[in-house]
Amino acid sequence: METTKSSKLGIALIILAGCFWGSMGIFVRKLGNYGFSAIQIVSIRISLAALIFSLVLLMKDRKGFKISPKDIPLFLGLGFGSILFFTVCYFTAITMMPLSTAAILLYTSPVWIMLMSIFFFHEKLDSKKLIALVLAFAGCVLVSGISGEGMTVTGLLIGLGSGIGYGLYSILGKIALRKYSSYTVTTYTFIFAAVGSWIISQPANMIEKFSSAPDLGFLIVLCFLTALITAVIPFLSYTIGLESVEASKAGIIATIEPMVATLIGILVFSEKLTLMSGAGILLILAAVVILNLKKKEKRL
């Protein structure tokens, strides 16, 4: 009974994470209006999230800052190899191909998670997961729109890189959670990612844009809200959810993100809901429902 409750809470937290990630477009567009590049927005988001995570860990458990030196490569993998790598790949893909194509390649992540889960955790690939995976990916394709215009081999590899990097968080996060709390895992992941982001985001130019902002107070609040809503809450929720949910299952459930992004586009930016997007939303929801169907007990 306890395991079932824990699993239900984990699933709810992963759905919550997907919903918050889905709101990213609102904040990215608003920060873009101030002249920040995509990479600079990534750096602002990651750096402030690292600060907030550090403060939370400081208040919750100061001992959580202690990590073994031999685990530094694991956190480097989470920070550089996952968070920073997938974000840079994704934003680079956006500049090289239609947004819809980049989004489809990003959401190959459940496939990579499932393959890596079989290899690292010996998770079973049952028919339920396979059906849910196919439905979720098909739903993402429909929600994002079907497009292959302007595709190059380089663009394809970078786009797939975003999916692999995105999926890697579930795998490395699951490994880190065996030894550390979810607060420690998210804090160090974002600290390493933040340091890496400063190298590629042209900090001097970013400071210049802050100093020339007509409403600096509002901009600072917006930056903190961006970090809190699109990084701190969802990544912490997802990481806690990973404690009781299989990595492959979590990856499929998180595909609720593009569905939420589509609904926000309709409600906030007055974007039209196409027949394909509507069908895609239903497929993603169907995938989540299938994953959570209980197996019927055999009667003797």
Side-chain angles (χ1 to χ4, degrees), residues 17 20-25 27-32 34-51 53 73-113 116 140 144 150-173 185-207 209 223 226-227 229-232 234-235 238-239 251 254 257-258 261:
F20 275 92
W21 278 324
S23 69
M24 205 183 304
F27 298 94
V28 171
R29 287 188 182 184
K30 285 190 177 293
L31 285 172
Y34 284 89
F36 293 109
S37 69
I39 301 299
Q40 287 174 336
I41 294 170
V42 168
S43 185
I44 290 167
R45 174 177 172 257
I46 290 175
S47 300
L48 289 177
L51 175 63
F53 276 128
L74 176 60
F75 287 106
L76 276 170
L78 277 162
F80 284 21
S82 177
I83 302 299
L84 188 60
F85 175 72
F86 104 71
T87 311
V88 171
C89 280
Y90 183 51
F91 280 103
T92 304
I94 287 171
T95 65
M96 297 178 73
M97 64 189 78
L99 179 60
S100 56
T101 310
I104 291 166
L105 292 174
L106 173 65
Y107 283 97
T108 58
S109 59
V111 179
W112 305 116
I113 293 172
M116 287 187 278
C140 289
S144 302
M151 178 61 72
T152 62
V153 174
T154 305
L156 176 65
L157 291 174
I158 290 171
L160 289 173
S162 69
I164 294 168
Y166 191 34
L168 198 59
Y169 184 83
S170 296
I171 303 302
L172 296 180
V185 172
T186 46
T187 298
Y188 275 101
T189 295
F190 275 84
I191 286 173
F192 281 116
V195 172
S197 74
W198 299 334
I199 299 167
I200 58 173
S201 64
Q202 297 178 306
N205 177 262
M206 200 157 48
I207 292 167
K209 285 170 182 173
C223 289
T226 301
I229 294 171
T230 72
V232 176
F235 272 101
Y238 189 83
T239 307
E257 179 188 343

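In what follows, residues are counted from 1 in the order of the sequence shown.
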I'd like to check [X] versus [Y] (side-chain heavy atoms, cut-off strictly below 4.5 Å). Are they in contact?
X	Y	value
Gln40	Asn205	yes
Val185	Leu78	yes
Leu74	Leu172	yes
Phe80	Phe192	yes
Ser201	Val42	no
Cys223	Leu31	yes

With rounding to the nearest 0.5 Å, note down the distance linking [atom1] in [X] to [atom2] in [Y].
X	Y	atom1	atom2	value
Thr87	Ile39	OG1	CD1	8.0 Å
Leu51	Ile191	CG	CD1	9.5 Å
Thr186	Ile83	OG1	CD1	10.0 Å
Ser109	Leu160	OG	CG	11.5 Å

Q) Aromatic rings Tyr188 and Phe75: how do their planes relate, parallel, tilted or perpendicular, breaks at 30° and 60°? A) tilted
Q) Is Lys209 atom NZ crowded by more than 12 heavy atoms from other residues, nucleotides or ligands, each under 6.0 Å away? A)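 More than 12 within 6.0 Å, yes.
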Q.
Checking side-chain polar atoms at under 3.5 Å, does Thr189 have a donor or acceptor matched by the opposite partner on Tyr169?
A.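 There is no such pair between these side chains.
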[X] side chain to [Y] main-chain N or O, any donor-acceptor pair under 3.5 Å?
X	Y	value
Ser197	Ala194	yes
Arg45	Thr230	yes
Thr108	Gly163	no
Ser47	Ile44	no

Q: Determine, step by step, whether Tyr238 and Trp21 satisfy the ring-ring contact (aromatic ring centres under 6.0 Å, His included) criterion, reporting the C-alpha distance in whole Å, the side-chain angles of both residues, the deciding distance to 0.1 Å, and the verdict.
A: CA-CA 10 Å; Tyr238 189 83; Trp21 278 324; 5.5 Å; yes
Q) Aromatic ring centroids of Phe235 and Phe53 under 6.0 Å? A) no
